[in-house]
Amino acid sequence: MSNFNSILQSLNDPQREAVQHIDGPLMVIAGAGSGKTRVLTHRVAYMLEQKINPYSILALTFTNKAAKEMKERVVQLVGDSLAKAVMMGTFHSVFYKIIRIEAEKLGFTRNVTVYDTDDSKSLIRNIVKEMDLDPKIYSASIILNRISSAKSNLLNHEDYAANPEILAMDGDSGRPFISDIFMRYNIRLKQSDAMDFDDLLYWMNVLLRDFPDVLYKYQQRFQYVLVDEYQDTNFAQYMIVKKLVAVYRNLCIVGDDAQSIYSFRGANIQNILNFKRDYPEAKIIKLEQNYRSTQNIVNAANAVIKNNKDQVYKEVWTDNDEGQKINLFQTNSDSDEAQLISNTIFEYKQNYHVSNDYFAVLYRTNAQSRAIEEALIKRNIAYVVYGGTSFYSRKEIKDVLAYFRLVINHYDEEALRRVINYPQRGIGATTVERLIVAANQNKVRIWDIVSNPQQYNLQVNKPTQERLQNFAIKIKSFSTQLTTVDAYELGLSIVKSVGIIQDLNQDKSDQDRKQNVEELLDSMKLFTEKEPESLFNEATGEIVEEYFPSLDQFLESIVLLTSEEEKKEDLTDKVKLMTIHSAKGLEFEYVFLAGLEENLFPSSLSLGSRQELEEERRLFYVGITRAKKLLTITHAATRYRFGSLQFCEPSRFLAEIPMRYINHTQKASMGKGLFYRSRGEMETQSRQSFGCPPINQIEKNKKIITERKMEAVGEPAQIDEIQVNMRVYHDKFGYGVVNQLVGDGADKKAIVLFDTVGSKTLMLKFAKLIIPK
DNA sequence: ATGGAGACCTTTTTT
DNA sequence: AGGTCTCCAT
């Protein structure tokens, strides 16, 4: 193939060496910004050039975002058809696919549902209630944490109950019944034909442990395995990989121990530190040249990470310019901090004509985004917040998805309980209680009672019995259409006939929710129109002749997604706000690190041990190394937390950055003691030195925003009145210009570029656009 | 069975 | 501060 040379050409020596090392174990320690993704993608491309069967390659990532990016870049290098045949995905999504294929062996069915964290917690709450335990002591998140870490270490409820150390720990914490909850939880999952996130990895291990034919099959299939972010793997993931590669030992792992920031979730940094012990013949390559950041940033990051004891030795360096020094600011309050950031962005945009894209504001906790958002709104700067409540965990979306789940799997208890009385159909809490009692007495599942109340002699009155039967009949009637009606058609008919749209219409304040449901339906429409991701039958490797975009296919494609990936919102030309965790793997020209204060960063919850503190430091390292050109670090003297004002000390990490990398002229500090400016001084100082527009300009902007809201007058336009390039007004999004019209009749959609919120796709029949006079 | 007012809890990070 | 959960009145 003609790309052959170019695949190797654009690499430096160690990168090329890593790409060409195909046979046998390989560990690539990739410093921040050293071209890790480049090595991974080029390595896959190179293997394909070497005529290795794409079907025998498995590439595992940690997040959907990383998987998607890898796919796209491999497609660019070798083209669509080859790249598509390579199995690339997150641990969870890849093994969910395999589990569905092998489900019967484990006592589950092909339709096995995945419970997300909310479902798991809700189930735990139910169990705690049924056991008559105090929900304050047995809080769902604590219990789930215990269960999750057990499963990540491949302990099931029996192992848990048989482990005296664990039991003693629970006893000491005043929660001796966790082991019983765990048992009931697992039983209920199985009854519901459901798995939680950790189960996907746990049961995959069981498959490979107890079914030699399955082990053999996937060992033979995946002769080449690549793992990204290996430092983030937990024991369950580590064992899966170990078993899969046991025969061919063609394992390439890429990672950076300095960027291990997920140990709270069971990630075990020892997996990467011990790689050489597991694979003594392994080749080890270090990528130490940083292509991303200035010398000042790289040096500062190195100096910080040096304070950690646990690490693989490496010296990250760069050929890039020395660059600007790191700016360090202290402000009086969190809102001043936010204003300072917003003002600085404003000034940079004006002085250097850079777009919003260049900026990212990173913080330790999601709660910090609010103040920053407010300050950006004041300056009329477009931004997008990553993380937070994901699209798929919004109530209205979860309601709709619960219907889909129930239609596919009637035994999905969480889905059933969620929708049995939503929208209200007169099946209240009392009836549900009785259903549960009857199910327990008869040793059947709740659905069995719902669909057959007489047979089990359920003690409810006639009308209630009828309501239950109508509900069951409706759900069943949808199920019969699964193979004949596509995901969009069936989804739409469920949402309509079950009364969700009507319910959302009733409450005029719920228009966002309705729009979200419409957005979900839009994405289902796209799903049915999209070419199938892979035309391979995963089990046999044969080309699939017929592909039908059914509702269960759709659900499989989204259950393991979390917000970002499927978000249709236009992300270009917006300042990005996110936690440092979600910034891992990303880079930006100008980065703000906000809230560098004791008890916030490092978090007060991480001060218990050296290991925890070192993880916080690695997090700081990750934050610093996201910046390409300029890093600005801020911290506030006071901050609102949990609704009350708290005084904050500067983070201990600040003292770990040598003074020579910090901008003295702007730094409000002398040695370790940072001095506090009065509010007035801070305002004057920041305004003058950043060349910010005077206050009255800000007031003017504010006024413009208010005026826009005021102008919401006039009758909504008819669908056909809306034309391309027309200026329109939307209740929520304000003014914008129609960019494009899609579809006809009732389903006609407009893509509108709004002045403040960017591009949105709107269903015209719902959007009620106004043509301003 | 439903809805509203008040108590209460949160804030680490994610598949 | 804001969202969720619980309890009580209807």
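Since the model is a prediction, treat every value here as computed from it, not as a measurement. Order of the sequence lines fixes the chain letters, A, B, ..., with proteins taken first and strands second; residue numbering starts at 1 for each chain.
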Presence of Thr430(A) side-chain N/O under 4.0 Å of dA1(B) phosphate oxygens OP1/OP2: yes
Value in whole Å for how far the P atom of dT14(B) lies from CD1 of Ile580(A): 11 Å
Closest to side chain of Phe264(A), choosing from dT13(B), dT15(B), dT14(B): dT13(B)
Distance, rounded to the nearest Å, where Gln368(A) contributes CD and dG2(C) contributes P: 17 Å
Options dT15(B), dT13(B), dC5(C), nucleotide nearest the side-chain atoms of Arg125(A): dC5(C)
Donor/acceptor link under 3.5 angstrom from Thr117(A) side chain onto base of dT15(B): yes
Sugar-phosphate, base or nothing in reach of Phe601(A), heavy atoms under 4.0 Å: nothing
Pairs under 3.5 angstrom, nitrogen or oxygen only, protein versus nucleotides 5-11 of chain B, please.
none

Between dT14(B) (P) and Leu200(A) (CG): distance, integer Å: 19 Å
For atom CD of Glu615(A) and atom P of dT14(B), their distance in whole Å: 12 Å
Whether Phe91(A) and Phe95(A) hold their rings parallel, tilted or perpendicular, with breakpoints at 30° and 60°: tilted
Electrostatic pair Asp232(A)-Arg265(A), nearest N-O below 4.0 angstrom: no
Euclidean distance, atom CG of residue Asn461(A) to atom P of dA1(B) [Å, nearest integer]: 9 Å
Nearest atoms (heavy-atom pairs only) where Arg641(A) meets Gln646(A): CD-OE1, 3.6 Å
Side-chain N or O of Ser263(A) closer than 4.0 Å to phosphate OP1/OP2 of dT13(B): no
Closest nucleotide among dA1(B), dT13(B), dT15(B) to the Thr431(A) side chain: dA1(B)
Contact nearer the 5' end of DNA chain B, comparing Gly426(A) with Thr579(A): Gly426(A)
Span that lies between the P atom of dT13(B) and that of dT4(C), in whole angstrom: 15 Å
Spacing between Phe91(A) atom CZ and dT15(B) atom C1', to the nearest angstrom: 11 Å
Neighbour count >12 (heavy atoms, 6.0 Å) for atom CZ, Phe177(A): no
NZ/NE/NH1/NH2 to OD/OE distance under 4.0 Å, Glu396(A) and Lys514(A): no
Touch class at under 4.0 angstrom, heavy-atom based, for Asp198(A) against every strand present: nothing
Any Asn366(A) side-chain N or O less than 4.0 Å from OP1/OP2 of dT13(B): yes
Touch class at under 4.0 angstrom, heavy-atom based, for Tyr640(A) against every strand present: nothing
Whole-Å distance separating the CD atom of Gln237(A) from the C1' atom of dT14(B): 11 Å
Glu229(A) CD to dT14(B) P, straight-line distance once rounded to whole Å: 14 Å
Counterpart residues, side-chain hydrogen bond (donor to acceptor under 3.5 Å, both in side chains), relative to Tyr138(A) (two or more places apart): none
Asp198(A) side-chain N/O to Lys151(A) backbone N/O, donor-acceptor pair under 3.5 Å: no
Non-neighbouring partners of Asp228(A) that pass side-chain hydrogen bond (donor to acceptor under 3.5 Å, both in side chains), sequence neighbours left out: Lys36(A)
Ile427(A) vs Arg265(A), nearer the 5' end of DNA chain B by closest nucleotide: Ile427(A)
